[in-house]
Each structure stands twice: as structure tokens, then as C-alpha cells.
Amino acid sequence: MAEIRNCAAPRSLADALRTLSSGPATVLAGGTDLMPQSRSGRVGFATTRLKIHGIAELRGVARRDAVVEIGALTTIADLRDDPVIRNDAQVLRKACDHFGSSQIRNAATIGGNICNASPAGDTLVPLLVLGATVVLASEGADGVAKRSLPLSEFLLGPGRTSRRSDELLVAVQMPVPQAGWVDRYVKFGTRWGLDISAMALAIGGTLCEGRLQHARVALGAVAPTAIRASEAERVLAAGTLDRARIDRAVDAADAAIHPISDVRASEWYRRELVHNLLRRVLTDVCQA
Ligand SMILES: Cc1cc2nc3c(=O)[nH]c(=O)nc-3n(C[C@H](O)[C@H](O)[C@H](O)COP(=O)(O)OP(=O)(O)OC[C@H]3O[C@@H](n4cnc5c(N)ncnc54)[C@H](O)[C@@H]3O)c2cc1C
């Protein structure tokens, strides 16, 4: 592990980006992933530690026209209680409700959950269903340079993202769901609270005359990243949501996953969870 020689705690985004552009730095937000990972020796710190929690402009939720924007430093507790999230992103609010403990929710940030890129990260599944994009900032020739990309492209593998070392995740954006939007979220763990998902799923779409249009299906902890099951989405959107279509969608979701066996669940059990819980939430939507 490299010796930590510098510790920066900027108050502005511009100052944080200047530090990042001047050499390797480890970004520290709430520290709820990074500190346990560093203590166990799984990750090492770069020579500069960049504490970003004092950058007020990266905190909070805003709705502009038909887009909801969440600052990267917004905590899970703040997200859970936010009125915009309650109105326009219920599926994300539900995930925040089942996240860690109150101590963890008060420190953990949405940006940290995304950048940690765990296949079991609890905000990732609802964000995928809501069609989220991530906004990354770096120091540019004329000030702050930003780029956006879909969350599904940002997540590359366990602990791996397409963030460059000079970039900071500054926000996540998602369109406000259309009228008639329905969604469901399920997290399955071995106990009710303070548990990492053995499997999580979310579905969403616009229910119109028995069809789930613009259907989205996202699955967590059953592949190297949280994923969208696009073939299952295509099957669902193609016609009336009935039992036969639900069976086909479940089969398509099964073909999209690559679960592993670990301390939380076996591969077989994770497949059973996807089969049973996806069928259950789709049946629930069908009967609504
Ligand atoms: C007891 C316990 C329970 C937990 N329960 C859950 C749970 O139920 N569900 C769940 O999903 N997770 C859970 N976690 C994991 C963790 O709390 C979350 O992943 C949390 O959202 C991480 O956010 P953080 O701000 O603490 O990130 P940090 O630990 O500060 O950072 C995590 C990673 O992201 C990087 N990073 C952070 N912010 C940025 C940014 N803005 N730009 C670029 N890189 C950044 C860091 O460099 C680091 O690599 C739990 C952890 C603990 C210790």
C-alpha cells in the first residue's frame, strides 16, 4: 500500500478536479465501502486522499423540467426522505429503505454506491430501471468539462467502471417517468435488515391496455454488474401481459444472468430467486 502523503478536503468542485488532474488520488465520500476495503487490505490508497464530503454543490436532489438530478454526495438517508424521489422515483426510494442500517444510510452516498460498482449495489437496480445516466466531471481547458453516459455503460465489472482517474462522478440524472408508469422492487437477503443482497430486481414500464410498454427489467447480484435483461424487456413490451408472456420473459431473464455461488447464495438458489420473484412481481403488475 502506498504511503499517504497528502490529504485534500476541497470545498469546491473546481478545487477537487484540480487535485485529481495533478496525480493519482483516492476519492473518499462516505467511506462506508472504502474504509472496510482498505482495512481488510482489498484496496490500497493512492498517495493523495481526496475527501469530497465538504463539496456542498454535489449534494441534493432537484427536478428540472422532466429530469431528476441527484448530486453524487446525496446520502441514502437524504434520498429516502426526499419529496422529489418520493414522487418521481418510488422504486429508488424503496431500495433506499432496505439499504444497510440508519448509521450506514446517513454516511453512504449514491455516488459511492455507483462508483464502488458492486454487482449487489442496491441503488443500481432501480437506477437502471429508471434509465439513469451518470455525469462525470474533469478539469478542462476552459473550466469544468463534463460528459454523460448511461449507467449500463459506466459499470464494467465488479469494482470496475469507465471513470477516468482524473474524473469525479458529480451527478446521476434520470427522466421523470411517463404517466401510467408502474414499477416494483424486491431485495432478497438472508435477513430483513443490514444485509447485502443475495439477489435484487426491479421492473418498470407504462401499463396501457394490458401491455407493459417501454418495459424495463434490471437484476442485481446475478452477474458481474447489475444488468438490464433486454431480451426479457423486449418480450414483455411485445404484447399483452399474460401468463404465457410472463413465462417467456422469465426464461429470457434466466438466459441473461451469470450468477455465482458464494457465502450469500448458491448459483442454483439465485436462479430460483430470479424465476420466482420476477414471476411474482410481473403477475402482481398484471393483476393491478
Ligand atoms: C455495514 C454495512 C452495510 C452496508 N449495506 C449496504 C446495503 O444494504 N446496500 C448497498 O448497496 N451497500 C451497502 N453497503 C456498502 C456501502 O455502504 C455503499 O456502497 C455506499 O453507497 C458507498 O458510498 P460511500 O459514500 O460510503 O462510498 P466510499 O466508501 O467513500 O467510496 C466507494 C468507492 O467509490 C469511489 N467514489 C465515491 N464517491 C465518488 C465520486 N463522487 N466520484 C468518483 N469516485 C467516487 C471511492 O473512491 C471508492 O472507490 C454497506 C456497507 C457497510 C459497511
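Order of appearance sets the numbers: ligands from 1, and atoms from 1 within every ligand. One-based numbering along the sequence shown.
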Protein residue, atom and distance nearest to [atom], heavy-atom basis:
| atom | result |
| --- | --- |
| atom 42 (N) of ligand 1 | Leu169 N, 3.0 Å |
| atom 52 (C) of ligand 1 | Ile104 CD1, 3.6 Å |
| atom 39 (C) of ligand 1 | Val27 CG1, 3.8 Å |
| atom 9 (N) of ligand 1 | Asp122 OD2, 2.8 Å |

> For ligand 1, which atoms have a heavy atom of Gly30 less than 4.0 angstrom away?
Replying inline: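 Going through ligand 1 atom by atom, the ones under 4.0 Å from Gly30 are 24 (P), 25 (O), 26 (O), 30 (O).
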>> Under a 4.0 angstrom heavy-atom cut-off, which atoms of ligand 1 come close to Asp195?
In response: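 Counting atoms of ligand 1 from 1, those under 4.0 Å from Asp195 are 8 (O).
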> Distance from Arg18 atom CZ to Ser12 atom OG, nearest 0.5 Å?
Replying inline: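 One finds 7.0 Å between CZ of Arg18 and OG of Ser12.
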> So, are Glu231 and Arg234 salt-bridged, with charged N and O less than 4.0 Å apart?
Replying inline: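 Salt bridge flag = yes for Arg234 with Glu231.
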> Should the pair Arg86-Asp81 be classified as a salt bridge under the 4.0 Å nitrogen-to-oxygen rule?
Replying inline: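 Looking at Arg86 and Asp81, the cut-off is not met.
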> Do any N/O atoms on Ile52 end up under 3.5 angstrom from N/O atoms on ligand 1?
Replying inline: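 Not met; the criterion fails.
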> Should Asp33 be counted as touching ligand 1, given the test is an N or O pair under 3.5 Å?
Replying inline: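 Yes; at least one N/O pair falls below 3.5 Å.
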>> I'd like the name of whichever of Ser165, Ala95, Ala226, Gly100 reaches closest to atom 8 (O) of ligand 1 through any heavy atom.
In response: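 Of the listed residues, Gly100 has the closest heavy atom.
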> Just checking, any donor-acceptor pair under 3.5 angstrom between side chains of His98 and Asp122?
Replying inline: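 No, because no side-chain N or O of His98 sits under 3.5 Å from a partner of the opposite role on Asp122.
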